S.K.: 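One structure, pasted below without further comment.
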Amino acid sequence: MAGISTFFAMSYIIFVNPAILSQTGMPYQGVFLATLFASGIATLFIGLYANVPYALAPGMGLNAFFTFTVVMGLGFTWQEALAMVFICGLVNIAITVTNIRRVIISAIPESIQHAISGGIGVFIAYIGVKSANLIHFQADAAAITQINGAPYDASQQVYEGGVQAFASNGSTLPQIASFTEPSTLLALFGLVLTVILMAKNIQGAILIGIVATTALQLMINPSLIQSIDFAQAGLANSFKELGITFGAAFGSEGLLSLFSDPSRLPLVLVTIFAFSLSDIFDTIGTFIGTGRATGIFSKEDIDNLDTRSNTKLDKALFGDVVGTSMGAIFGTSNTTVFAESSVGIAAGGRTGLTSLATGICFFLCIFIAPFIGLVPASATAPALILVGVLMMSSFREVEWGDFSIAVPAFFASIFMAYSYSISNGIAAGFIFYCLTMTVTKRAKEVHPVISGASILFILNYIIMAYL
């Protein structure tokens, strides 16, 4: 049941990912199948090779970067973007094989590790709160800065293809829901039910909550079953479109085109670096955060990572990097470990069997895809919220009494949710750790890897600001 719980918690990605990537011109059904194949294969691999209960899929944030920055903003074709994702995977494999990634993990101070763990809990809970529609965001015209990746022009009234995405500044404020929307009330029912079941230590409480909430929705609105579009989700059409995305990274419009113009080479390298940096620290943060808090990875696994190989964490790191290149081959953005794996871990998953169950679910979706859409975000949101609550217990291990530790711990945790990015949270934590340690004359306590990573993060932000 743990693997199924993980799948339901992250099943939104098989619909959200095609919706985002298709805006680049990629065929929706092709990306849909690419998402399933990449997620299924990568999840099965990490389960069999590393024997850990983690699931992989195209990462949220990375797919948005792929679409709105690399393709729409920088002007690369989606084939060229896939080629960069493939190269990013090769870079990450090299970093993992040469122990660089393991050294990075072992260099992170223990308090910051616990802060990252708790921060991922806040991040996951925040995703759940948003998915449940418990909060809304309001922005007036003055707060809007971009529409569809371009600067906002108040005089422009028509947008070709409609408004796909918009960005706003800090004037956008969250507001509590009015509790009149059915999806919000449904999520509230699931949250209350799951809290009661977990408080009573009922085995499989999270999965029971997901199934019960889904069943309630179908009882309230049985027409959802009749609205399933079997023709659009047909296998024949999907595999035909998969033929367009599969291997596109290596064709004349992909890898060959990417390096055909020498003047673009600096931009290509910077973009690959941005892909790789975000991917690496998203994975490190998820493994340390969920693994340490739940005991999947022991303290010894993390502390001795730079001196021992073939540990469970070492194998998990390698299992993860294979996913990125695998995803690019099928036709999707960076495939990485999902923080939602903690839902299955909370449901009792401790071994690779959990990953095997999740991976099989991805493959089954090839045949029952229309029905998977019947599981609403309102059903999985309570699971994310409560798993986040459980993970926040790691905060008690942070040395909050030491201001030099408290500041970077805050940014490594709370800022993670504020910025909606694990890697941005880690970056802020590293940078402020270097700052506080230096001004308090404790710079010798900062591992060179943390200093180097902080410099790379700062350079990355400076470069991306001018792209």
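Everything numeric here is computed off the predicted structure, so don't read it as measured data.
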S.K.: What do you reckon, are the aromatic ring centroids of Y54 and F287 less than 6.0 Å apart?
M.R.: yes
S.K.: Of all the heavy-atom pairs spanning P376 and L186, show the shortest one and how long it is.
M.R.: CG-CD2, 4.2 Å
S.K.: Mind checking whether T351 and V52 have side chains closer than 4.5 Å, heavy atoms only?
M.R.: no
S.K.: Where is the tightest heavy-atom contact between T332 and A38, given as atom of each residue plus distance?
M.R.: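 Shortest heavy-atom contact: CG2-CB, 4.0 Å.
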S.K.: Taking side chain as C-beta onward, heavy atoms only, is S22 less than 4.5 Å from V31?
M.R.: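 Sidechains of V31 and S22: no contact.
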S.K.: Could you walk me through whether Y418 and F411 satisfy the side-chain contact (heavy atoms from CB on, under 4.5 Å) test, starting with their C-alpha distance in whole Å, then the side-chain angles of each, then the deciding distance to 0.1 Å, before giving a yes or no?
M.R.: CA-CA 9 Å; Y418 286 166; F411 280 98; over 6 Å; no
S.K.: If every non-hydrogen atom of W78 is compared with every non-hydrogen atom of V71, which pair is closest and at what distance?
M.R.: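 W78 and V71 have their closest heavy atoms at CA-CG2, 4.1 Å.
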S.K.: Atom CZ of F189 and atom OG of S378: how far apart are they, to the nearest 0.5 Å?
M.R.: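 Going from the CZ atom of F189 to the OG atom of S378 covers 12.0 Å.
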S.K.: Say you draw a straight line from CG of L44 to CG of L56; how long is it, rounded to the nearest 0.5 Å?
M.R.: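 The distance works out to 10.5 Å.
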S.K.: Testing the basics here: between A2 and A347, what is the closest heavy-atom pair and its distance to 0.1 Å?
M.R.: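 Distance-wise, the nearest heavy atoms are CA-CB, 4.1 Å.
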S.K.: If you define the side chain from C-beta out and look only at heavy atoms, does anything of I41 sit under 4.5 Å from F363?
M.R.: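 With C-beta onward as the side chain, the pair touches.
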S.K.: Parallel, tilted or perpendicular: which fits the ring planes of F457 and Y461, with parallel below 30° and perpendicular above 60°?
M.R.: parallel
S.K.: Could you go step by step and tell me if I405 and Y433 meet the side-chain contact (heavy atoms from CB on, under 4.5 Å) rule?
M.R.: CA-CA 7 Å; I405 295 295; Y433 179 71; 3.9 Å; yes
S.K.: May I have the step-by-step check of side-chain contact (heavy atoms from CB on, under 4.5 Å) for F318 and D314, ending in yes or no?
M.R.: CA-CA 7 Å; F318 183 77; D314 184 53; over 6 Å; no
S.K.: State, to 0.1 Å, how close W400 and F395 come at their nearest heavy-atom pair, and which atoms those are.
M.R.: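 So the two residues come closest at NE1-O, 2.9 Å.
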S.K.: Would you find a donor on one side and an acceptor on the other, under 3.5 Å apart, between the side chain of T67 and the backbone of I20?
M.R.: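 At least one qualifying donor-acceptor pair exists.
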S.K.: Is it the case that the side chain of T43 and the backbone of G40 share a donor-acceptor pair, with hydrogens and angles ignored and the cut-off at 3.5 Å?
M.R.: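 No, the answer is negative, given that no donor and acceptor are paired below the 3.5 Å cut-off.
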S.K.: Tell me the closest heavy-atom pair linking G331 and M26, and the distance in Å.
M.R.: O-CE, 3.2 Å
S.K.: Do L267 and F76 have side chains that get closer than 4.5 Å, going by heavy atoms?
M.R.: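 A side-chain contact under 4.5 Å exists here.
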S.K.: Please examine the side chains of V343 and F8, heavy atoms only from C-beta on, and report whether any two atoms are closer than 4.5 Å.
M.R.: no
S.K.: Apply side chain to side chain donor-acceptor pair (under 3.5 Å) to T98 and list each qualifying residue two or more places apart in sequence or on a separate chain.
M.R.: none
S.K.: Go through the structure and list residues passing salt bridge (charged side-chain N to carboxylate O under 4.0 Å, His left out) with R442, not counting sequence neighbours.
M.R.: D402, E445
S.K.: Within the 4.5 Å heavy-atom criterion, are L33 and F330 side-chain neighbours or not?
M.R.: no
S.K.: Can you find a heavy atom in the side chain of L459 that is under 4.5 Å from one in the side chain of F273?
M.R.: no
S.K.: Donor-acceptor pairs are to be reported for all side-chain atoms of residues 449-456 against protein atoms at under 3.5 Å, with residues two or more places apart or in another chain.
M.R.:
unit_1: S454; atom_1: OG; unit_2: F430; atom_2: O; d: 3.4
unit_1: S454; atom_1: OG; unit_2: I450; atom_2: O; d: 2.8

S.K.: Under 3.5 Å, is there a donor-acceptor pair between the side chain of S39 and the main chain of L36?
M.R.: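 Judged by distance alone, no pair lies under 3.5 Å.
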S.K.: So, the side chain of D320 versus the backbone of T336: is there a donor-acceptor pair under 3.5 Å, distance only?
M.R.: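 No; zero donor-acceptor contacts below 3.5 Å.
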S.K.: Can you spot which of T335, N63, N17 makes a side-chain hydrogen bond (donor to acceptor under 3.5 Å, both in side chains) with T35?
M.R.: N17
S.K.: Before giving the answer on side chain to side chain donor-acceptor pair (under 3.5 Å), spell out for N92 and T324 the whole-Å C-alpha distance, their side-chain angles and the decisive distance to 0.1 Å.
M.R.: CA-CA 9 Å; N92 290 353; T324 294; 4.6 Å; no
S.K.: Which value, rounded to the nearest 0.5 Å, describes the distance between H114 atom NE2 and E399 atom CD?
M.R.: 9.5 Å
S.K.: Return yes when atom CZ of F179 has more than 12 non-hydrogen atoms of other residues, nucleotides or ligands closer than 6.0 Å, and no otherwise.
M.R.: yes
S.K.: For the atom pair CD1 (I4) and OG (S11), what is the distance rounded to the nearest 0.5 Å?
M.R.: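 If we round to the nearest 0.5 Å, I4:CD1 and S11:OG are 12.0 Å apart.
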S.K.: Is there a donor-acceptor pair closer than 3.5 Å between any side-chain N or O of T358 and the backbone N or O of G3?
M.R.: yes
S.K.: Would you compute the distance between atom CG of L317 and atom CD1 of I93 and round it to the nearest 0.5 angstrom?
M.R.: 12.5 Å
S.K.: Apply the test side-chain contact (heavy atoms from CB on, under 4.5 Å) to residues F86 and L90: give CA-CA distance (whole Å), side-chain angles for both, the deciding distance (0.1 Å), then the verdict.
M.R.: CA-CA 7 Å; F86 179 77; L90 296 182; 3.6 Å; yes
S.K.: What class does the angle between the rings of F7 and F362 fall in, given that below 30° is parallel, 30 to 60° is tilted and above 60° is perpendicular?
M.R.: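 Aromatic pair F7/F362 classed perpendicular.
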S.K.: Do N424 and M416 touch side chain to side chain, with heavy atoms closer than 4.5 Å?
M.R.: no
S.K.: For residues 208-216, which side-chain donor-acceptor pairs fall under 3.5 Å, sequence neighbours excluded?
M.R.:
unit_1: T213; atom_1: OG1; unit_2: G209; atom_2: O; d: 2.7
unit_1: T214; atom_1: OG1; unit_2: I210; atom_2: O; d: 2.9

S.K.: To the nearest 0.5 Å, tell me how far S276 OG sits from N334 CG.
M.R.: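 S276 atom OG to N334 atom CG measures 8.5 Å (nearest 0.5 Å).
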S.K.: Taking only distance into account, with no hydrogens and no angle test, what donor-acceptor pairs under 3.5 Å do side-chain atoms of residues 121-134 form with protein atoms, sequence neighbours excluded?
M.R.:
unit_1: S131; atom_1: OG; unit_2: I127; atom_2: O; d: 2.9
unit_1: N133; atom_1: ND2; unit_2: S183; atom_2: OG; d: 3.1

S.K.: State whether the side chain of Q113 and the backbone N or O of I108 hold a donor-acceptor pair below 3.5 Å, judged by distance alone.
M.R.: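 Yes; judged by distance alone, with no hydrogens or angles, the pair exists.
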S.K.: Say whether, by atom type as modelled, one donor and one acceptor occur between the side chain of T184 and the main chain of T180 under 3.5 angstrom.
M.R.: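 No, because the side chain of T184 does not come within donor-acceptor range (under 3.5 Å) of the backbone of T180.
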S.K.: Please enumerate all residues that pass salt bridge (charged side-chain N to carboxylate O under 4.0 Å, His left out) together with E397, with sequence neighbours excluded.
M.R.: none
